[in-house]
Amino acid sequence: MSPVVRRSVRAVLIDDEARLVMIKRTRPGVAPYWTTPGGGIEPEDVSREAALERELLEELGATAAVGRQVALVATPVDGGQSVQYFFVARLVGLDAAVRCGDEHIDVARGGYEVERIPLDQLAGCDLRPVTIKDFIVENRAALLAGLPSTVLS
């Protein structure tokens with residue numbers, strides 16, 4: 001069995017108009033593609049949900065009501081596996097002025113544009129990993145029904 005060498009959290013982040021909030025990635029020499037927001041779990045994160053809340057603020061300037069984990073994606077990487085925990089979340093607020101992640105400082109990493117795509121139009125989008133795209137498309141109604149309340153504790 002391969003060791004887990006990276007753990008990250010990602011959000012299936014949905015706004016009040018049933019749109020998926022995603023990051024459009026652009027890099028020189030690579031066709032644009034989309035990802036769900038999130039990132040690595042840090043040692044100081046007290047939970048996966050806390051890590052996701054931190055990542056949403058860093059990447060998007062977003063606050064969200066984080067719900068249940070809905071998927072787990074493991075991918076082989078050099079020397080082991082990368083594991084991504086996906087949570088459904090409802091967007092509460094977004095202020096790009098408070099984004100503070102490294103991706104916004106290091107221009108060599110390429111572009112990180114926030115885009116919202118209606119869930120019923122996701123099939124034509126190059127969302128990666130494709131397994132999560134397929135999961136969202138196939139489970140759209142259940143994801144919408146399972147969205148947490150926007151009341152944050």
Side-chain angles (χ1 to χ4, degrees), residues 6-41 45 47-77 82-153:
R6 176 171 164 77
R7 284 180 168 73
S8 59
V9 288
R10 305 202 76 75
V12 177
L13 184 60
I14 301 171
D15 70 11
D16 286 336
E17 295 179 31
R19 296 177 299 181
L20 186 64
V21 181
M22 299 184 296
I23 298 169
K24 181 180 180 183
R25 293 287 288 119
T26 54
R27 293 188 277 180
V30 178
Y33 64 93
W34 288 259
T35 64
T36 57
I41 299 172
D45 292 323
S47 67
R48 292 176 189 146
E49 292 85 352
L52 184 56
E53 289 171 354
R54 176 185 50 75
E55 284 289 342
L56 291 173
L57 190 62
E58 289 176 3
E59 283 194 354
L60 304 175
T63 54
V66 176
R68 296 183 181 270
Q69 181 181 326
V70 293
L72 176 73
V73 176
T75 309
V77 294
S82 172
V83 175
Q84 298 179 75
Y85 304 92
F86 286 84
F87 289 81
V88 65
R90 179 189 298 270
L91 180 66
V92 174
L94 186 70
D95 182 356
V98 299
R99 297 189 313 180
C100 58
D102 291 340
E103 59 273 6
H104 304 296
I105 299 166
D106 183 0
V107 294
R109 294 178 75 171
Y112 287 78
E113 293 177 57
V114 177
E115 291 197 355
R116 300 179 193 208
I117 297 180
L119 288 174
D120 61 358
Q121 295 176 19
L122 193 57
C125 178
D126 185 11
L127 174 60
R128 298 180 187 178
V130 71
T131 53
I132 202 64
K133 173 187 163 180
D134 293 344
F135 173 82
I136 295 168
V137 168
E138 292 169 12
N139 295 285
R140 181 180 60 168
L143 289 167
L144 289 170
L147 275 176
S149 159
T150 57
V151 176
L152 297 176
S153 50

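These numbers come from the heavy atoms of this one structure, side chains and all, not from hydrogens, waters or symmetry mates. None of the values given here were measured: they were computed from a predicted structure.
Note that CG of Leu91 is 5.0 Å distant from CG of Leu13, once rounded to the nearest 0.5 Å. In this structure, Glu53 CD and Glu58 CD are separated by 12.5 Å, a value rounded to the nearest 0.5 Å. Rounding to the nearest 0.5 Å gives a distance of 10.5 Å between OG1 of Thr75 and CZ of Arg6. For the atom pair CG (Leu56) and CZ (Arg54), the distance works out to 10.0 Å, reported to the nearest 0.5 Å. To the nearest 0.5 Å, atoms CZ (Arg128) and CH2 (Trp34) are separated by 9.5 Å. The structure places CG of Leu119 at 11.5 Å from CG of Asn139, a figure rounded to the nearest 0.5 Å.
Legend: residues meeting side-chain contact (heavy atoms from CB on, under 4.5 Å) with Val77, ordered by chain and number and at least two apart, are Val5, Ser82. Remark: Thr35 pairs with Arg10, Ile23, Arg25, Tyr33 by the side-chain contact (heavy atoms from CB on, under 4.5 Å) rule, at least two apart or across chains. Checked against side chain to side chain donor-acceptor pair (under 3.5 Å), Asp15 has the following partners two or more places apart in sequence or in another chain: Arg19, Arg116.
Under the 3.5 Å distance criterion, the side-chain polar atoms of Lys24 are left unmatched by any main-chain donor or acceptor of Val114. A donor-acceptor pair is defined here as one N or O able to donate and one able to accept, closer than 3.5 Å; no such pair exists between the side chain of Asp45 and the backbone of Ile41. Between the side chain of Gln84 and the backbone N or O of Ser8 there is no donor-acceptor pair closer than 3.5 Å. A donor-acceptor pair under 3.5 Å is formed between the side chain of Thr63 and the backbone N or O of Gly93.
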Inset, instruction - Take Leu127 and Ile136, measure what side chain to side chain contact (heavy atoms under 4.5 Å, CB included) needs, and give me the verdict at the end. - result: CA-CA 10 Å; Leu127 174 60; Ile136 295 168; 4.1 Å; yes

Inset, instruction - I would like to know whether Val73 and Val83 meet side chain to side chain contact (heavy atoms under 4.5 Å, CB included); could you show each step before the answer? - result: CA-CA 6 Å; Val73 176; Val83 175; over 6 Å; no

Inset, instruction - Assess whether side chain to side chain contact (heavy atoms under 4.5 Å, CB included) is satisfied between Val70 and Phe87, documenting all intermediate values. - result: CA-CA 5 Å; Val70 293; Phe87 289 81; 6.0 Å; no

Inset, instruction - Take Leu122 and Met22, measure what side chain to side chain contact (heavy atoms under 4.5 Å, CB included) needs, and give me the verdict at the end. - result: CA-CA 11 Å; Leu122 193 57; Met22 299 184 296; 4.1 Å; yes

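For Ala71 against Ile132, the heavy-atom pair with the smallest separation is CB-CD1, 3.7 Å. Arg48 and Gln69 make their closest contact through NH1-OE1, 3.7 Å (heavy atoms, listed as atom of the first residue, atom of the second, distance). Heavy-atom minimum distance, Cys125 versus Ile117: SG-CD1, 3.8 Å. Closest non-hydrogen pair, Asp126 versus Pro32, comes out as OD2-O, 4.0 Å. Closest non-hydrogen pair, Ser149 versus Ala65, comes out as O-CB, 2.8 Å. Residues Pro148 and Gly67 come closest through the heavy atom pair CG-N, 3.6 Å.
A salt bridge between Asp16 and Arg90 is present, with a side-chain N of the basic residue lying under 4.0 Å from a carboxylate O of the acidic one.
Under the 4.5 Å side-chain criterion, counting only non-hydrogen atoms from C-beta, Phe135 is not in contact with Pro129.
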